[in-house]
Amino acid sequence: MSTTQTEKNPSNVQKSSPRAEAFKTFMKRLVKNKAAVVGGIIILFIILVGLVGPFLIKTDPNAQNLLNKLQAPSKDHWFGTDNFGRDIFTRIVHGTKLTLTVGFLSVFIGGVLGVVLGIVAGYYGGIVDTITMRIMDVLLAFPGILLALAIVSVLGGSLINVIIAVGIFSVPAFARIVRGSTLQVKKLEYIDAVRALGASDVRIIFKHILPNIMSPIIVQATMRIATAILTASGLAFLGLGAQPPEPEWGAMLSDGRTYMHNASHMVLIPGMMIVVVVLAFNIFGDGLRDALDPKMKQ
């Protein structure tokens, strides 16, 4: 067929799929939110530092030099040194991977458990819904940091136990959101049609309901990472998280509080890193929520 015939017959021109159009609309909404774009850039940069930084910086983050202890930031030590003479910049770079690992893994654990419990409770209802949500209510009755503190106290202080504890206290938030979304989706006509065609409950849940409730799950996961990082840093600050000499930001903050007056950089730098990362995930999560909200007019 000639080019002229193709131009005269628009029906022959390949059209974009609905998913492609929806993705383009989502990206346009997200890009319009300048704060979310800045947050996303910061997150990508931090992830890149966590992945590549330890390979580029060959210095041992735990190498001690007591002759250089408590030095202020300089050209030799960009972020200064701590009370053992360890280079804080090197420890921050190596600690980025630890901090992000705790955030992502704990949210992944909490997300998987919460999504399964929430979607099952919302789909089946009845006694399953009642029992599941009452357990979630009990967990929500405890402040997140206290619940994580109690779990770590029982399991013992370590990075793995912190991930488990933060993951467990993240479950109720996911479960409640997923349950509410499932209750809305399962009432739609196409779910009844699929059920009438003989589809099993498992197929309906994972093939037809779950893909349609991913938007709130993604937003919740993004914003929950910030909470997870903050909670893990708080536990490390109390001595229940990463154990010395691991360069975790919360533990570094705890080490620096003793020297706050004569070496304030030991507190300011890891503290600012926690603030920047948590803020970046929060504003990026807000942007995702606005971009994925079908009621948004802009």
Side-chain angles (χ1 to χ4, degrees), residues 42-43 45-103 106 143-146 148-150 152-153 155-163 165-166 225-282:
I42 294 174
I43 291 171
F45 176 74
I46 294 296
I47 292 175
L48 184 64
V49 169
L51 293 175
V52 181
F55 296 100
L56 297 179
I57 300 178
K58 302 299 183 179
T59 307
D60 184 359
N62 300 320
Q64 300 183 13
N65 185 352
L66 296 179
L67 296 178
N68 292 329
K69 67 178 183 179
L70 301 179
Q71 287 191 2
S74 63
K75 64 178 181 178
D76 295 325
H77 302 283
W78 293 354
F79 290 172
T81 60
D82 63 8
N83 53 312
F84 291 106
R86 297 174 296 192
D87 184 68
I88 294 179
F89 176 77
T90 302
R91 290 178 61 78
I92 287 290
V93 171
H94 282 264
T96 302
K97 183 178 179 180
L98 289 176
T99 301
L100 293 180
T101 299
V102 173
S106 59
I145 184 66
L146 292 182
L149 182 62
V152 173
S153 298
L155 298 178
S158 71
L159 199 62
I160 299 298
N161 291 339
V162 167
I163 293 174
V166 177
I225 291 174
T227 304
I229 291 174
L230 197 59
T231 303
S233 298
L235 292 174
F237 182 83
L238 297 174
L240 295 174
Q243 300 300 307
E246 292 181 341
E248 203 275 336
W249 293 349
M252 293 176 64
L253 192 63
S254 178
D255 293 339
R257 60 181 173 173
T258 306
Y259 306 93
M260 187 181 303
H261 298 291
N262 58 338
S264 59
H265 62 277
M266 286 186 62
V267 175
L268 290 177
I269 292 174
M272 286 303 299
M273 290 300 300
I274 294 172
V275 169
V276 169
V277 173
V278 170
L279 182 61
F281 275 104
N282 277 327

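By convention here, the first residue in the shown sequence is residue 1.
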Query - For the student: nearest non-hydrogen atoms of Ile163 and Val102, plus distance - result: CG1-CA, 4.0 Å

Query raised in the report: Less than 4.5 Å apart, any side-chain heavy atom of Asp255 and any of Asp82?
Result: no

Query raised in the report: Is there a donor-acceptor pair closer than 3.5 Å between any side-chain N or O of Thr81 and the backbone N or O of Leu70?
Result: yes

Report task. Taking all heavy atoms of Leu98 and all of Pro247, pick out the closest pair and write down the distance. Result -> CD1-CD, 3.9 Å

**Report entry** Ring-face cation contact, Phe79 with Arg91, 6.0 Å cut, 45° max
**Finding:** no

Query raised in the report: Roughly how far, to the nearest 0.5 Å, is CG of Leu48 from OG1 of Thr96?
Result: 10.5 Å

Query raised in the report: Would you say the side-chain atoms of Ser254 pair up with the backbone N or O of Phe237, donor to acceptor, closer than 3.5 Å?
Result: yes

Query - From CZ (Phe281) to OG1 (Thr227), nearest 0.5 Å - result: 11.0 Å

Requested in this report: For the residue pair Ile274 and Leu230, establish whether any side-chain heavy-atom pair is separated by less than 4.5 Å.
Outcome: yes

Query - Side-chain donor or acceptor of Ser106 paired with backbone N/O of Gly103 under 3.5 Å - result: yes

Query raised in the report: Do any N or O atoms from the side chain of His94 and from the backbone of Asp60 form a donor-acceptor pair under 3.5 angstrom?
Result: no

Query raised in the report: In Å and rounded to the nearest 0.5 Å, what is the CE to CD1 distance from Met272 to Ile92?
Result: 11.5 Å

Report task. Would you give the length of the straight line joining atom CD of Glu248 to atom OG1 of Thr101, rounded to the nearest 0.5 angstrom? Result -> 10.5 Å

Query raised in the report: Within a strict 4.5 Å, meaning less than it, do heavy atoms of the Thr99 and Val277 side chains meet?
Result: no

Requested in this report: Could you tell me whether the side chain of Val93 reaches within less than 4.5 Å of the side chain of Phe89, counting heavy atoms only?
Outcome: yes

Query - Heavy-atom side-chain proximity of Leu149 to Leu235 below 4.5 angstrom - result: yes

Query raised in the report: Which pair of non-hydrogen atoms, one from Ala236 and one from Gly250, has the smallest distance, and what is that distance?
Result: CB-C, 3.9 Å

Report task. Looking only at non-hydrogen atoms, find the nearest pair between Ala72 and His265 and report the distance. Result -> CA-CE1, 4.0 Å

**Report entry** Separation between CG of Leu268 and CE of Met273, rounded to the nearest 0.5 Å
**Finding:** 13.5 Å

Report task. Heavy atoms only: give me the nearest Ala280-Ile43 pair and the separation to one decimal. Result -> O-CD1, 3.8 Å

Report task. Measure the shortest side-chain to side-chain distance between Met266 and Ile88 over non-hydrogen atoms and say whether it is less than 4.5 angstrom. Result -> yes

Report summary line: What one should report as the nearest heavy-atom pair of Leu155 and Asn161 is O-ND2, 3.1 Å

Query raised in the report: Any side-chain heavy atom of Phe45 within less than 4.5 Å of one from Ile42?
Result: no

Query raised in the report: Rounded to the nearest 0.5 Å, what separation is found between the OG1 atom of Thr90 and the CH2 atom of Trp78?
Result: 9.5 Å

Query raised in the report: Hey, does Glu246 have a side-chain heavy atom less than 4.5 Å from the side chain of Asn62?
Result: no

